[in-house]
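Input: a single structure, listed below in structure tokens.
Note that ligands are numbered from 1 as they come in the structure, with each ligand's atoms numbered from 1 the same way.
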Amino acid sequence: MLCQQGADQPSEECEQGGSEADRGNEACRKVAHIAAAGILERPDPDEAEKSGDERHGGEERRSHQPAPPKAPLGPHLREQSGEAGPHQDREREADEDHRPVHGAGASREPAVRQSIGQRMDEPILDCLIIGGGPAGLTAAIYLARFHLDILVVDGGKSRASWIPCTRNVSGFPDGINGEELLQRMRDQACKYGAKIETEFVTKLERDKETGHFTATWGSGEASARTVLLATGVTNRRPPMDEELHDDALARGLVRYCPICDGYEVTDKRVGVIGSDSHGVAEAVFIRSFTVDVTLIAPDKAMRLGPEDRKKLKDAAIECVDGPTQAVATTGECIVVDTAEGHYTFDTIYPALGSDTHTQLAEMVGADLSGESCVKVDSHQRTNLAGVYAAGDVVIGLDQISHAMGEGGVAATTIRNDLSKERPLLRESPGQ
Ligand SMILES: Cc1cc2nc3c(=O)[nH]c(=O)nc-3n(C[C@H](O)[C@H](O)[C@H](O)COP(=O)(O)OP(=O)(O)OC[C@H]3O[C@@H](n4cnc5c(N)ncnc54)[C@H](O)[C@@H]3O)c2cc1C
């Protein structure tokens, strides 16, 4: 098979200028059509358990992530508050005053305390956020701006950091690199007093008497009144060499999220590695972007029921038997070795599901949904008082905008729940 390389092949570099605006309008219309067909519809927001219907290909199949390592993953690496940021000033002030490190508010705010907690004697955080992707960092921005004492502990593996250039995040018409977006969010959170540590939390416990939570990681621990779990998911990778995978991902030859970047494969040759109804749904979804879609079974001959076969036939999607391995990239194409020979594509989408990071939720007894995600109500509360969850770890549309939205909702709920325990009344700057 030949690889199609159109002159307008989109680069994975975030570009300047609005030249794609017209095509963007067209893409909006297509997605609106898909939504109308029910693929992206939201369930009733008041349902205690969110339904999995709003996910499609690549995101539905969830399972538990393998247990976290018992030993710490590494030494304490860094505090992300920046070399000369306001947080460091604040920490210095805290040391001078013998106040706890996790003080309230940013340094440029008046040096006052709120009435919540007894900060002088009790270094209990108002909220510990576990996970520093778009969900956790948005919550951190909100909570820090509510003048609450918070800490983000982040394993540093946000799915957003894999994104060479996202073009569907509002406000960035020319796209933005995922790591740059995360850095901006970290800077914003730290500007208002959030602390961020790069660590992997291996244990989370709840003290029955106080109701406080203690999280433990390699080089330390922290206690908090509330915990927000924003630990995300990990996509299952197709069988291929790791270096080849990372290079292909950076160049848009491997993609994981057709909702995010299906537009970029418009009129391209696309291979979907997947089987069963999940792979079929992803292939049919991508068919709205291009006529040339091939569904490839990952490990054995394709086994599909008559209904799925009909969907593929109606959409003119070719089916290829596995086992499959992506073996090489040539120029701007990726070569896949299958049971039926070599195929060359502009992009492959693995549709192999993902593993949800729910271990900490399970440790404290938070309920999981049928899709192995953390179960929350419409305010991001789990069944366990003081434990909240947001982002991909909760069932929903696995997208940055959604993770940010849930982070904002969770933060506001946490603030309001804390204020029910003790009113959040700001003291006069003179006190
Ligand atoms: C290749 C790719 C491209 C994508 N493109 C787009 C796009 O263009 N637009 C879009 O909207 N979405 C896109 N997405 C999806 C988007 O990245 C996710 O929906 C988003 O990152 C979810 O945010 P989150 O905060 O819930 O989880 P994540 O961003 O995954 O962050 C979770 C964080 O929690 C940390 N963590 C997990 N367990 C622990 C622990 N025990 N202790 C401490 N930290 C822990 C992880 O290390 C990680 O840093 C893409 C995803 C991928 C993989």
Side-chain angles (χ1 to χ4, degrees), residues 12 14 55 58-59 65-69 72-74 77 80 128-140 151-170 172 175-179 181-182 185-186 196-204 215-218 222 227-237 245-246 248-264 347-350 354-363 373-374 380 389-408 410:
E12 279 317 292
C14 296
R55 290 170 197 274
E59 306 291 354
Q65 183 200 30
L73 283 189
L77 295 176
Q80 309 235 14
L128 176 70
I129 300 170
I130 305 177
L137 291 173
T138 300
L151 172 67
V152 181
V153 184
D154 178 38
K157 295 211 157 94
S158 167
R159 287 209 304 146
S161 67
W162 291 21
I163 309 174
C165 182
T166 172
R167 293 180 175 86
N168 72 347
V169 175
S170 305
F172 296 97
I176 182 166
N177 168 269
E179 187 46 56
L181 178 66
L182 289 168
M185 295 178 72
R186 286 191 286 262
I196 302 174
E197 298 211 22
T198 304
E199 291 285 357
F200 190 86
V201 175
T202 49
K203 196 156 105 185
L204 183 62
T216 309
W217 56 88
V227 174
L228 173 62
L229 298 169
T231 43
V233 306
T234 300
N235 293 98
R236 291 187 202 139
R237 296 182 174 202
H245 172 273
D246 293 351
L249 184 69
R251 293 163 58 199
L253 305 178
V254 171
R255 298 176 183 272
Y256 281 88
C257 175
I259 293 180
C260 313
D261 51 24
Y263 180 83
E264 271 63 48
T347 288
I348 56 169
Y349 278 93
S354 51
D355 297 304
T356 313
H357 305 154
T358 54
Q359 300 86 348
L360 298 176
E362 291 172 78
M363 270 183 212
C373 296
V374 181
Q380 309 302 138
D392 287 357
V393 76
V394 168
I395 195 81
L397 189 66
D398 286 352
Q399 291 283 280
I400 291 169
S401 56
H402 198 77
M404 288 177 170
E406 289 193 342

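- When non-hydrogen atoms are compared, ligand 1 lies under 4.0 Å from the backbone of Arg159 as well as from its side chain.
- When each atom of ligand 1 is checked for a heavy atom of Asp398 under 4.0 Å away, the hits are 15 (C), 19 (O).
- Residue Pro134 has at least one nitrogen or oxygen atom sitting less than 3.5 Å from a nitrogen or oxygen atom of ligand 1, judged on distance alone.
- Atoms of ligand 1 found under 4.0 Å from any heavy atom of Gln399, numbered from 1 in the order shown, are 10 (C), 11 (O), 12 (N), 19 (O).
- Distances between N or O atoms of Lys157 and those of ligand 1 include at least one value under 3.5 Å.
- Proximity to Ala160 (heavy-atom distance under 4.0 Å) selects the following atoms of ligand 1: 17 (O), 21 (O), 29 (O).
- Proximity of Glu406 to ligand 1 is not established, as no heavy-atom distance is less than 4.0 Å.
- Exactly one of Leu151, Ile129, Leu137 qualifies for a side-chain contact (heavy atoms from CB on, under 4.5 Å) with Ile196. That residue is Leu137.
- In terms of N/O distances under 3.5 Å, ligand 1 is not approached by Ala390.
- When each atom of ligand 1 is checked for a heavy atom of Gly391 under 4.0 Å away, the hits are 26 (O).
- Between the side chain of Thr231 and the main chain of His357, a donor-acceptor pair closer than 3.5 Å is present.
- The existence of a salt bridge linking Asp261 and Arg167 is excluded, since no basic side-chain nitrogen approaches an acidic carboxylate oxygen closer than 4.0 Å.
- Any N or O atom pair closer than 3.5 Å counts here, and Val393 shares no such pair with ligand 1.
- If you check each of Pro350, Cys165, Ala135, Gly178 against atom 25 (O) of ligand 1, the one with the closest non-hydrogen atom is Ala135.
- Atoms of ligand 1 lying under 4.0 Å from any heavy atom of Gly156, numbered from 1 in the order shown and given with element: 47 (O), 49 (O).
- When heavy-atom distances to ligand 1 are checked against a 4.0 Å cut-off, Asn168 comes that close only through its side chain, counted from C-beta outward.
- Under a 3.5 Å cut-off, the side chain of Thr347 and the backbone N or O of Gly252 do form a donor-acceptor pair.
- Of the heavy atoms in Glu199, only backbone atoms (N, CA, C, O) come closer than 4.0 Å to ligand 1.
- Listed here is the closest heavy atom pair of Val152 and Gly132: CG1-CA, 4.0 Å.
- Between Asp392 and ligand 1, at least one N/O pair is under 3.5 Å apart.
- At under 3.5 Å, not a single nitrogen or oxygen of Asn235, backbone or side chain, sits near a nitrogen or oxygen of ligand 1.
- Between the Ser161 side chain and the Lys157 main chain, no donor and acceptor come within less than 3.5 Å of each other.
- Scanning all heavy atoms of the two residues, the minimum distance from Lys203 to Met363 falls at CA-SD, 3.7 Å.
- For atom 28 (P) of ligand 1, the nearest non-hydrogen atom from the set Ala230, Ser158, Ser354 belongs to Ser158.
- Asn177 meets the side-chain hydrogen bond (donor to acceptor under 3.5 Å, both in side chains) test with no other residue; sequence neighbours excluded.
- Against a heavy-atom cut-off of under 4.0 Å, Leu360 is close to the following atoms of ligand 1: 41 (N).
- If you number the atoms of ligand 1 from 1 as listed, the ones under 4.0 Å from a heavy atom of Ile130 come out as 40 (C), 42 (N), 43 (C).
- The minimum heavy-atom distance linking Arg236 with Tyr256 is given by the pair O-CE2, 3.7 Å.
- Distance alone, capped at 3.5 Å, places no donor-acceptor pair between the Thr356 side chain and the Thr358 backbone.
- Below 3.5 Å of separation, one finds no N or O of Asp261 facing any N or O of ligand 1.
- Scanning both residues, Gln380 and Ala389, for their nearest heavy atoms gives NE2-O, 2.8 Å.
- Polar contact with ligand 1: present for Ile400 (N/O pair, distance under 3.5 Å).
- Of all atoms in ligand 1, listed by their number and element, those nearer than 4.0 Å to a heavy atom of Thr166 are 7 (C), 8 (O), 9 (N).
- On a distance-only criterion, Trp162 and ligand 1 share no N/O pair closer than 3.5 Å.
- Of all heavy-atom pairs spanning Ile395 and Glu406, the tightest one is O-OE2, 4.5 Å.
- Within the 4.0 Å heavy-atom shell around ligand 1 one finds Val153.
- Rounding to the nearest 0.5 angstrom, the gap separating the CG atom in Leu360 from the CG atom in Leu229 is 6.5 Å.
- Taking the side chain as every heavy atom from C-beta outward, Asp398 and His402 never approach each other to under 4.5 Å.
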